[in-house]
Amino acid sequence: MTDTLSFYGETLTSRLLVGTALYPSPAILADAIRASGAEVVTVSLRRESGAGRAGESFWSLIRNLGVRVLPNTAGCRTVKEAVTTAEMARDVFGTPWIKLEVIGEDDTLQPDVFGLVEAARILSRDGFNVFPYTTEDLVVAEKLLAAGCEVLMPWGAPIGTGRGLNNPYGLKAMRAHFPGVPLVVDAGIGTPSHAAAAMELGYDAILLNTAIAKAGDPVAMAKAFALALDAGRLGYRAGPMEPRDMAAPSTPVIGRAFTGVARA
């Protein structure tokens with residue numbers, strides 16, 4: 001049975017999407033992406049901009065890896081800023097894909113869901129394939145889908161915290177509520193076990209950056225995450241047992257030897 005992942009009609013084999021910021025060196029970035037097996041990497045427009053074509057060597061490195069680029073609107077805090085950044089990114093990177101971020105709160109980097117829906121509607125109408133960084137709120141999710149999004153990217157925890165899945169119940173409810181929508185946990189994943197847990201909930205993919213880039217050995221960590229996603233996905237598809245409150249013996253008790261001593 002095939003188990004493919006599709007975003008806006010594009011089929012992928014890897015379920016790990018990787019960010020390109022914070023790595024110790026370009027060489028380590030390239031090696032980590034290869035080790036991860038990722039076919040999609042996120043890139044901020046800010047990496048390509050600046051005087052003297054400062055981002056040209058970085059962009060050349062990404063092209064040489066043969067991966068698909070998912071530009072993002074990282075750091076944008078208004079609808080106008082996010083839309084303008086997306087339009088510039090489409091011109092620079094030559095793709096209608098855009099990871100849409102509209103940040104509403106500085107300490108948690110929580111999305112401004114009102115601005116997010118508005119920006120998603122504008123960009124979808126303009127031909128973009130929008131990947132919205134959102135919360136696990138089901139009402140917001142419905143509005144994003146109505147705005148034209150075909151993928152949802154709820155956070156696991158605030159960006160860069162490495163806390164894992166802060167609200168497994170909410171994430172599980174989102175999976176149940178939108179069974180046919182590609183769902184990607186984006187942000188907050190810190191260890192391979194966090195990623196495996198998200199995949200065991202039935203999520204389609206994971207997007208992460210800091211957990212790989214800031215690891216002691218980013219290349220080894222990239223490989224660890226790739227293996228964790230495979231294990232979590234396989235476990236989900238295998239049909240995990242339901243948890244229960246009371247113990248249940250794995251060895252049958254019927255027919256066991258009776259060794260008690262009769263009392264007078």
Tell me if a side-chain donor or acceptor on [X] pairs with a main-chain N or O of [Y] at a distance below 3.5 Å.
X: R15; Y: T4; result: yes
X: H177; Y: A173; result: no
X: R175; Y: F178; result: yes
X: N129; Y: P96; result: no
X: D126; Y: I122; result: no
X: Y203; Y: L171; result: yes
X: T161; Y: P158; result: yes
X: S44; Y: N72; result: no

Quick check for you: to the nearest 0.5 Å, what is the distance between [X] atom [atom1] and [Y] atom [atom2]?
X: I206; Y: S14; atom1: CD1; atom2: OG; answer: 11.0 Å
X: S36; Y: I212; atom1: OG; atom2: CD1; answer: 6.0 Å
X: L29; Y: L65; atom1: CG; atom2: CG; answer: 7.0 Å
X: E136; Y: L165; atom1: CD; atom2: CG; answer: 10.0 Å
X: C149; Y: E142; atom1: SG; atom2: CD; answer: 12.5 Å
X: N166; Y: H194; atom1: CG; atom2: NE2; answer: 9.5 Å

With the 4.5 Å side-chain cut-off for hydrophobic clustering, are [X] and [Y] part of the same group?
X: L183; Y: V18; result: yes
X: V130; Y: V184; result: yes
X: Y23; Y: M221; result: yes
X: L22; Y: Y133; result: no
X: L109; Y: V185; result: no

Do you know which two heavy atoms are closest between [X] and [Y], and how far apart they sit?
X: L70; Y: K99; value: CD1-N, 3.6 Å
X: M174; Y: A141; value: CE-CB, 3.9 Å
X: P192; Y: A224; value: CG-CB, 3.8 Å
X: A32; Y: P218; value: CB-O, 4.0 Å
X: A213; Y: A21; value: CB-O, 3.4 Å
X: T210; Y: G160; value: OG1-CA, 4.0 Å

Exercise for review: Please work out which of the three classes, parallel, tilted or perpendicular, describes the rings of F131 and W97, given edges at 30° and 60°.
Suggested key: tilted
**Study point:** Verdict with supporting geometry, T78 and V102, side chain to side chain contact (heavy atoms under 4.5 Å, CB included)
**Key:** CA-CA 6 Å; T78 67; V102 183; 6.0 Å; no
Check your understanding: Does one side chain, of E87 or T84, offer a donor that lies under 3.5 Å from an acceptor on the other?
Key -> no
Exercise for review: Ignoring hydrogens and angles, state whether a donor on the side chain of T13 or E39 is under 3.5 Å from an acceptor on the partner side chain.
Suggested key: yes
Would you check if [X] and [Y] make a side-chain contact, meaning some heavy-atom pair closer than 4.5 Å?
X: L16; Y: V40; result: no
X: V83; Y: L123; result: yes
X: L234; Y: M199; result: no
X: T134; Y: L100; result: no
X: V69; Y: W59; result: yes
X: V43; Y: P71; result: no
X: L152; Y: L145; result: yes
X: P111; Y: T135; result: yes

Exercise for review: Assess whether side chain to side chain contact (heavy atoms under 4.5 Å, CB included) is satisfied between T42 and L17, documenting all intermediate values.
Suggested key: CA-CA 7 Å; T42 60; L17 289 66; 5.5 Å; no
Review point. In terms of side-chain geometry, is the basic nitrogen of D106 or R77 positioned less than 4.0 Å from the acidic oxygen of its partner?
Key: yes
Practice item. Begin with the C-alpha distance, continue with both residues' side-chain angles, and end with the deciding distance and a verdict on side chain to side chain contact (heavy atoms under 4.5 Å, CB included) for R90 and I98. Key: CA-CA 8 Å; R90 180 165 59 179; I98 191 73; over 6 Å; no
Point to revise | F114: side-chain contact (heavy atoms from CB on, under 4.5 Å) partners, not counting sequence neighbours | key: D112
**Study point:** E150: partners by side-chain contact (heavy atoms from CB on, under 4.5 Å), with sequence neighbours left out
**Key:** Y8
Point to revise | Partner set under salt bridge (Lys or Arg N to Asp or Glu O under 4.0 Å) for R63, not counting sequence neighbours | key: none
**Study point:** Evaluation steps, side chain to side chain contact (heavy atoms under 4.5 Å, CB included), between I33 and V67
**Key:** CA-CA 9 Å; I33 290 175; V67 293; 4.2 Å; yes
